[in-house]
Structures are given as structure tokens and as C-alpha cells.
2 protein chains.
Amino acid sequence: MRIDTKTALLNSAEQAARRRGFDGFSYADLAKDVGIRKASIHHHFPTKAALSVALMQRYAAEIRQALSAIDTTHPSGCARLAALIDHYRGALNGGKSLCLCVSFSTSRDSLPADVITEIRSFRQMVIGWLTNTFELGQSDGTIAEVTEPAKEAAASLPLLEGAQLTARAQENLDLFENGVQLLRQRLANPS
Amino acid sequence: MRIDTKTALLNSAEQAARRRGFDGFSYADLAKDVGIRKASIHHHFPTKAALSVALMQRYAAEIRQALSAIDTTHPSGCARLAALIDHYRGALNGGKSLCLCVSFSTSRDSLPADVITEIRSFRQMVIGWLTNTFELGQSDGTIAEVTEPAKEAAASLPLLEGAQLTARAQENLDLFENGVQLLRQRLANPS
DNA sequence: TTTTATCTACCTACTACTTGGTTGGTAAAT
DNA sequence: ATTTACCAACCAAGTAGTAGGTAGATAAAA
């Protein structure tokens, strides 16, 4: 089944951005990957900035869905948190890529203000979800040592992102696991 | 007092890299900042890759010094850890820049293998220092809830780096503080 | 149903720089 | 005389983008 060109471009751009950062890929890369002329990309995305907006919005929608799915399929606090940790681990693609939000953050000066705002919303949303998850883990007793869920959430997201960064730099998933090890140990028995 | 051109170039490049990432600055930026012709930079740094090596080595030497100075001037575990947190906060420059290691990590595919190796050594060194610091904090009783210093260290560095990333994306130091808040709360009374 | 008009999505050719780098040269310091 | 550190001029490839065009699909009109 063939996908439409716009989606193919978004897929290609997302992969490139998550692997090389916003300043590390060009329209020429996408053109070669998708198989159309570089100038044609402007029909779908008039500027690179517009492309970054579309990428970030799509990425945020996708993780919103992922978090919603976790809530549906994982009843306990610890299972939800474990699922999120695994989501961030999965986004590493074996060490070859990062979460889009992370890869965009270091080149934020190259991005339009809309995207900076989206990045902020993205992190707030994830921290909000984490806060709920720590609250659940506290009340159902499946996450150990939770006294202030909001503060736990505020620490856990940067931990996940920092652990991603370390693993990406060395293309080594073990480094991600080293970073989140203590967090995992607090989970009762996620399944 | 005038500094030598090579040092001026390193300073300029470091600032640019920590602000915009490796792919986000060019020799033309440095030339304009330092006030020499772009082509002249090649006398000091034949390739951009060579420049990245010099940057990373200098940065690693500087933090080695900083950690050593912390050990000398801070006797307790909590005071040392607080000083490192403040060091990472300081590297943000009010939200305008990142630690070099962080900013290089997302564009690691553009960097020579030597630098990837240096980044790994850098992180190992900091984690080693953190391990010692958690051990000290455990034995002198100034860092609360330390059971496994090495795991604490392995979690704390990604936390600091992730918190930096968040604060950098929004140019807002409060976000750094939100991330490290729980960690700070475990420190007895750093001074 | 057929024809015409419009839209979509691609193309070529081009623009104006910009990138990291090479080359040959010169001025000043040693 | 030699070395250091700069210069101008240049290179080839690359960057994001503009402009005019066409082929095929789709919608509207006849």
C-alpha cells in the first residue's frame, strides 16, 4: 500500500530530525529518500520552519495517543510508568534516534516560535500524565517512595530525556537502562 | 589584555556550539565574531572536525578542574552535590546555552569518532565523581536516602542534562530547578 | 456521457547565498 | 632566513527557496 507523498515526507523528516537534529538534515536529504525533486517539497511544506511545525504537531498527537493507550491497557501506576519508560527506550531505535522534542531542543534557535511553544506544551502534557501516574502509583501502592507526585513527575521526564541523550551519543541502550535503573527499581512488578 | 587568536576562536566556537549545536554554527560565524577572515581559521583548525576535538578536550579539562576545585572547597557530600547542580545551572547561562556534551550529543552523527569517545569519557568521569560524592554523602549523612551510590550517580547525570535541555528549550531556569528539586531536597544543608 | 475547467503534485531551471575548504601570497615577528 | 598568522581569490558542493510549466486527476458544465 502506497502512502501519500506528504506523509512520506513527514516520516522521512521525522527520522532525519530525530537522528541528526533540525540543523543536521536538508530538503535534499528528504528528496532523495522519498524520490521526488527537492523543489517539489515546497508544495507540501513551503518552508523548513513550516515543516518543523507539522512534525512537532504530529509527534505530540502521537504521544498523546500513546499515553492514552497506556492508560487503557495498564491498570496500575507501576505498569503505566514502566510502559512510558519503555516508550522512551523504544524511541531510541537501538540508539539511532531521539525523541523529537529532545532533538529539537538543542537547535531551538533555528526553530520558529510556534515550535518552541509546542515543545513546551509537549513537556507539560507528559509531566501532567506522569503526575497522574505517580498519584496512581502512590494510591495503589505499586510505585515505592512517592511523597510528592508532581515533583516526581518534574524529575522523571528530564531523567528519561537525559538518559535518551546519553544512549544516543554512544548508540548504546545499556546507558539508557543505567539512567532509569533506580526508577525501575521502585516499580512493584509491572506487567 | 588581548588573548591569542586560537583561544578566541575556541571561546567563540564553544559559545556557538553550546548555544546552537554543532551543525548550527559555521566558520563564517566564528570569523565575524573574532574579526579575522574565515579562511584564516583553517590555519588554527584545519577542519571543523579538528575544531570539535579541541573544543571537547578543553571542555573536559575544564570540568575536571571544576570538580577538583569543588572537592577542595566543599568538605561534605551534600555541599559537593549542590555545587555540581549549580555548575550545571551556571552552564545554562540564563537559558542561553547548554553543556557542550549535551549540545554535541544530538548532532553526534556530524562529529568525528574521537569526539564521540571523548563524550563517553566525559560522562564516565562525571558519573565517577558523582559516585564518590554520593558515597561521601552517605557516610557523612548529608545526602538523604542513599543506598546505592553508583546507581544514584548513573541517574543524576542524565537528570541534570535533561533538566538543562528543558530549561534551554524555553530559556527558563525555573524549569531546571523543577527538574532537580527532589534531588536538592535530599541535601542536608549545603553551604 | 463527454467536454471543459480547475486543482494537485510533480517537473526543470534558476536564484542568491552559504558551507567547509584550498591555494598562493604577504607582513610581521623571530 | 624562517616561521607564524593573517589575507584575497577561488573551488565544489550544498542550502532554502522562487518561478513557470505540465501531466494527470477530479469536479463541474454541457
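We name chains A, B, ... by the order of the sequence lines, and we start the count at 1 in each one.
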So does A:Ser97 get a backbone contact from the side chain of A:Arg19, meaning a donor-acceptor N/O pair under 3.5 Å? no

State whether the side chain of B:Glu135 and the backbone N or O of B:Pro149 hold a donor-acceptor pair below 3.5 Å, judged by distance alone. no

Please state how far atom CD1 in A:Ile41 lies from atom C1' in D:dG14, giving the value in whole angstrom units. 14 Å

Taking side-chain contact (heavy atoms from CB on, under 4.5 Å) as the definition, give me every residue that meets it alongside A:Gln181, ordered by chain and number, with sequence neighbours left out. A:Gln185, B:Lys151

With the sugar-phosphate defined as primed atoms, P, OP1 and OP2, and the base as all remaining atoms, what B/S/- string results for nucleotides 25-30 of chain C, 5' to 3', for protein heavy atoms under 4.0 Å? ------

Under 4.0 Å from any atom of DNA chain C, heavy atoms only: list the residues of residues 101-115 of chain A that qualify, in numerical order. none

Take atom NZ of B:Lys32 and atom C1' of C:dT19, then tell me their distance rounded to the nearest Å. 14 Å

Suppose the criterion is side chain to side chain donor-acceptor pair (under 3.5 Å): which pairs have a residue in residues 30-56 of chain B, not counting sequence neighbours? B:Ser12-B:Asp33

Under 4.0 Å between a side-chain N/O of A:His44 and OP1 or OP2 of C:dC10, yes or no? yes

Can you tell me how far the CD1 atom of A:Ile119 sits from the CZ atom of A:Arg108, to the nearest 0.5 Å? 8.0 Å

N or O in side chain of B:Thr5 less than 4.0 angstrom from D:dA5 OP1/OP2: no

Please state how far atom OH in A:Tyr27 lies from atom P in C:dC17, giving the value in whole angstrom units. 20 Å

Donor-acceptor under 3.5 Å (B:Ser103 side chain, B:Ala17 main chain): yes

Salt-bridged, A:Lys96 to B:Asp109, with N to O below 4.0 Å? no

In chain order, what residues pass the side-chain contact (heavy atoms from CB on, under 4.5 Å) check against B:Glu177, with sequence neighbours excluded? B:Arg89, B:Val180, B:Arg184

Side-chain N or O of A:Thr47 closer than 4.0 Å to phosphate OP1/OP2 of D:dA16: no

Short side-chain N/O contact to D:dC7 OP1/OP2 from B:His43, under 4.0 Å: no

Among the nucleotides C:dT19, C:dC11, C:dG20, whichever has the atom closest to the side chain of A:Ile36 is C:dC11

In whole Å, what is the span from the CG atom of B:Asp29 to the C1' atom of C:dT19? 11 Å

Which nucleotide in the set C:dC10, D:dG17, D:dC6 lies at the smallest distance from any side-chain heavy atom of A:His42? D:dG17

Answer with base, sugar-phosphate or nothing: what part of the nucleic acid does A:Phe25 contact at a heavy-atom distance below 4.0 Å? sugar-phosphate

Hydrophobic cluster membership, with links at side-chain heavy-atom distances under 4.5 Å among I/L/V/M/F/W/Y: are B:Leu182 and A:Ile143 in one? no

Write down the distance between CG (B:Leu30) and C1' (C:dT18), rounded to a whole number of angstrom. 14 Å

Nucleotide C:dT19, atom P - distance to CG of B:Leu51 in whole Å: 15 Å

Within this structure, what is the NZ-to-P distance between A:Lys48 and C:dT18, rounded to whole angstrom? 16 Å

Taking a hydrophobic cluster as the set of Ile, Leu, Val, Met, Phe, Trp and Tyr residues connected by side-chain heavy atoms closer than 4.5 Å, whether directly or through intermediates, do A:Leu157 and A:Ile70 fall within one such cluster? yes

Check nucleotides 12-16 of chain C for protein N or O atoms closer than 3.5 Å to its own N or O atoms and list the pairs.
none

Quick check: does any side chain N or O of B:Gln164 sit under 3.5 Å from a backbone N or O of B:Tyr88, one acting as donor and the other as acceptor? yes

Co-membership, hydrophobic cluster, residues B:Leu165 and B:Leu175, 4.5 Å side-chain: no

